[in-house]
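Following: one structure in structure tokens, then a few remarks.
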Amino acid sequence: MISLNINQKNYDVDVNPDMPLLWVLRDVIGLVGTKYGCGVAQCGACVVHLNGEAVRSCVTKVKRAEGQKVVTIEGLAENSDHPLQKAWLEVDVPQCGYCQCGQLMSAAVLLRENPNPTDQDIDDAMAGNLCRCGTYLRIKKAIHLAADMQRKG
Amino acid sequence: MKRQSVNYKLHAWRLKTMIILVIVCAAIGIISSSFENKNKVGSIESDAAKDSVASVKAFMQVYKVLMSPRCMNCHPSGDVPLQGDDSHIHTMLPKRGKDGKGIYAMKCNNCHQPENLPGLHKPPGNPNWHLPPSDMKMIFQGRTPRQLAKQIMDPKQNGNKSKQKLLEHAHDALVLAGWNMGEGRSLPPMSHEEFVKVWTTWIEKGAYAPPR
Amino acid sequence: MISFRWLAEFGAGDKINAAADQWYELTGYIKITPDNVIKIFNPNPEFGQNVMTSLPMIIAEELGVDWQQVEVEMGPHDSVKLGPQFTGGSNSVRMYWKPLRDAGAAARQMLMQAAAQAWSVPVEEITTKAGKLIHEKSGKSGTYGDFASKASAIPVPKGVKLKDVKTFDVVRHSKKNVEGLKIVTGKPLFGLDYKVEGMLIAMIEHPPAFGMKLKSFDGADALKMPGVKDVFALKLFEDGFELGGFDTHTFNDILVVVGTNTWEVMNARKKLKVEWEPIGDRKETVNMFGRKQEVTIPGGLESSETQYQKMQERAKQPANVLRKDGDPETAFKNAAQIIERTYNAPFLAHNCMEPMNFFAHVTDEKALLAGPLQAPGWTEPTLSKVLKLPADKIEIQMTRMGGGFGRRAYGHYLVEAALISKQAKAPIKLVYSREDDMTYGIYRPMYTATYRAALDANKNLIAFHVKGGGIPEHPVHANRFPAGTVDNYLAEGWELPSNITIGAFRAPRSNFNAAAEQSFLDELAEAMGKDPIEFRLELLKRGKENPVGKNNEYDADRYAGVLKLVRDKSGWNKPENKKYNRGVAAYFCHNSYAAHVVDMVKRNGEPYVERVFSAIDCGVVINPDAATNMVQGAVVDGIGNSFYGGLTHKDGVAQQNNFSEYRIIRIHEAPKSIDVYFVENDIDPTGLGEPPFPPVFGAVANALYKQEGKRYYNQPFKNGNINKDNSIDKKAF
């Protein structure tokens, strides 16, 4: 039995400790916001926060998360009102939307560590998140907007 | 007049002696500096252990290993690690950051797990995955053998390692990881055991830097 | 396992408080409750082209409701109520423009009639505003909800007068993505998210190469793995089965592992002991929209290197004449100068972010399928035949798709899921790993085309010749520009068969043509000493005033219009833009016109597209901001594919099977700005998903020339699987 704390809730799951956290979240617990895109840490669709860090859950064994704090897109903000989520809607970022949860989770770490990111900072933080629909310009714009929102409080 | 000539002869003798002494010292100085026997890392050993020829020969083997992808890829000249057997710039351009552990959502251990993962193209793993920090970059890429040898022996450039620490470093977990990088990644050009031999030989025999 | 009310969350709106019998249907697209909740059904599946928002906008406009009052729901598969329901060919808005306007207007008329009856007043005296019915004379008013029940009993009128497009207050005004909040909060939306109680996961172990099939297998070790329920082999289609045009499939005999969760099934696959064998030539019967054909698919393990050699040899031989105007042979004989160039491009993989997957629960009596696909109507007949179930016993639910690009028009994975479910006697979700997805096929074909131009002594263009070929289809659009603008014109095409399967890829054929042809026109302009835009405008002028031949597929005015717009908006020859290496290209496809100016610079020694200016003519723009998003996305997609896209094979084995080898453009490589301008007109809307994509390749090639002083004839431009002399880059193999 593996004890997990996900979005401030405790779960005990009877899984192989080597099972990637991604599949525990999606198949066992039923949180499907975290997506499968490649399985080899190339695309970023699977990013979750492990003790606040943006880990790729497709290659992270669930045993690494045991007793740690995991936050998924569903728990990013209690009222779905993280500045990034609001900014994403304001800028109307998504096209198909499949990559966006991963984008948001990566961006959240950027904004937490750098409340005033430049375009270069955004490139540095987000180059690991693929978007096949090409919404990159809007992602950048939304991150700037969210940073603004955060600054204004 | 006799006193004058005696004084002159005394001066001349002193002068000659001085000149000879200076020449001899200079010769010793020149000879020793050409062998770089400046022993910068501390403990003094007997001259009998030093063997500049064997030391340099061993370092040329060490150089082969350090410049192989498994080592060089994490000792890049830029701030992005290298990747693969062809040492191309790591996809997604993860940046070194101040502590060498990456930045924002691209920290090394966001993808690189505590252990290797089975399967091609999965990121290799180690509990201490990181690049050298930005104030001690320990660059291998682009270094000549001479440059690399000098750099390694310089505490200001090698993470403040003493000779003893350097000897131990060959057994560091992250260094060992170079021989266990997972599927699809070629091994360094000799076994770890052989590497330890040449590494130790190079250092113990005086840590001489090759001429070029 | 914790179960969730997936179906309740799936596609349903937030205000589903009303009981089922309180929804009154007014045409197949609209349902209204007595509380005036207006539900509009989106007929076409969504893959990022914004139809889930824009199609209901069209209805809402004519219906006369405020957009805020509308709740959108994905429609069921019901061609009687909701039309053909296929997403593809940039056809959604174009095809549904009139029917949706008619439906909205008809429903409004029904409500007005209901109110007129209830108030005993003439219907002509009734007006509507934001979901309210008003009789000014008497001061009576009521909501649509008040009259929904009564209205639903009135027969749907035909030929109701539609609004003047100039008075639109919903359409032509940007509206936010109706699923935006669900997307950014991780709600279950995509096929891969679909789940029911007791559902199992199935994965297919495909042969490692095209041209191979399953010979035998031993699943004993796999069956022992934790979570595994079953291991079996299935045949998709019996010999001689008449396939539909979109039943393309690479492997007919499939080896399946079924288990309780995805990871355990992935592990179990590694324990399969399988023998594969090469297939010889085989025949397939295909019925594509009424045209039946017997096709021979060659056996063999194909390699890109030999394919390129074969193509070059084939290119020298005679081909099918697709169009001929004037006397090209003589014109070339008498030419003062002939310019000849050959262009090549490799297979492309669609690489939708969400890999292929589908849910199926099939019994002897019925079948329920759910997941991401572009055209349920094209696969349902096949399912009906394969499962031996009548169509009305087959339900296909369309989830949101994590990308389509044409790949999800091919429903083989529905047939696979259905047969697996039937065999396993359980609801299953078929999942493709990224590797499965990338190596399965249904690629954009491999192409080559040779362009020749004849110039007279005054450097006038007197003849134009394109001879294009491909594996397994040629790319030539014979009736497109510059056909119609040159007196002597010849278009030819040839094909080489292959067992590597192909399918529609965002602007099929055009996605190659625009690169080749637009680069070639640039070279011609240079040879003539003309500005590339002015040169094209000259040709278009001829095409308008004195067109050559018949069936010219484009409107020369509108084509010229986007070129002029992009010329102006980009400041084409302005001195302040000299620091950029500029490339221009324009193209017509899917009834729309697009032109781009691409501004390239050198960044860290590498070409980087810093800015793009885009001019689009697609008629009425339904949702301007979403349309802009799509064009920007097409530009990024085009840059990425032109620089990096390419899939190669060695002995039938795909050499790229994940993003570590198949490079996709990333955020730092996307331009800093993409300024999009739409031509303002009131022409009925045409497509937008595909048209902006092809000319990006041409503009990038032309910018590269300005920057590096050499022409790029082979795609991908940066990865270089194909060398400049058309030999294959050894590194690619």
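What you are looking at is a predicted structure, and each value in this text was computed from that prediction instead of being measured.
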### Query
Taking A:D121, A:L50, A:V47 one by one, which has the highest count of heavy-atom pairs under 4.5 Å against chain B?
A:D121

### Query
Counting heavy atoms not belonging to B:I89, are there more than 12 under 6.0 Å from its CD1?
no

### Heavy-atom neighbours of B:K137 NZ exceed 12 at 6.0 Å
yes

### Query
Which heavy-atom pair separates A:R56 from B:M106 by the least distance, and what is that distance?
NH2-SD, 4.4 Å

### Task
Apply side chain to side chain contact (heavy atoms under 4.5 Å, CB included) to A:R64 and B:N109, showing your working.
CA-CA 11 Å; A:R64 186 178 168 192; B:N109 65 15; 3.8 Å; yes

### Task
List the steps and the verdict of side chain to side chain contact (heavy atoms under 4.5 Å, CB included) for A:K61 and B:L117.
CA-CA 9 Å; A:K61 293 179 178 171; B:L117 297 161; 3.8 Å; yes

### Task
Just do the side-chain hydrogen bond (donor to acceptor under 3.5 Å, both in side chains) check on B:Y104 and A:D124 with the steps written out, would you?
CA-CA 8 Å; B:Y104 307 136; A:D124 290 344; over 6 Å; no

### Message
Which atoms of B:P114 are under 4.5 Å from chain A, going by heavy atoms: the side chain, the backbone, both sets, or neither?
### Response
side chain

### Query
Does a salt bridge link A:E113 with B:K107, judged by any charged N lying under 4.0 Å from a carboxylate O?
yes

### Task
Might you point out which heavy atoms bring B:H121 and A:V40 nearest each other, and give the distance in Å?
O-CB, 3.6 Å

### Query
Rounded to the nearest 0.5 Å, how far apart are CG of B:N110 and OG of A:S57?
11.5 Å

### Residue A:K141 excluded, over 12 heavy atoms near NZ under 6.0 Å
no

### Query
Under a 4.5 Å heavy-atom cut-off, does chain B meet the side chain of A:D18, its backbone, both or neither?
neither

### Pairwise distance CG(A:N114) to CD1(B:I103) - rounded to 0.5 angstrom
9.0 Å

### Query
In Å, rounded to the nearest 0.5 Å, how long is the span from NZ of B:K122 to CD of A:Q42?
12.0 Å

### Query
Does a sphere of radius 6.0 Å around CZ in A:R151 hold more than 12 heavy atoms from other residues, nucleotides or ligands, not counting ones at 6.0 Å or beyond?
yes

#### Entry: Closest heavy-atom pair and its distance - A:V109, B:A105
CG1-N, 4.1 Å

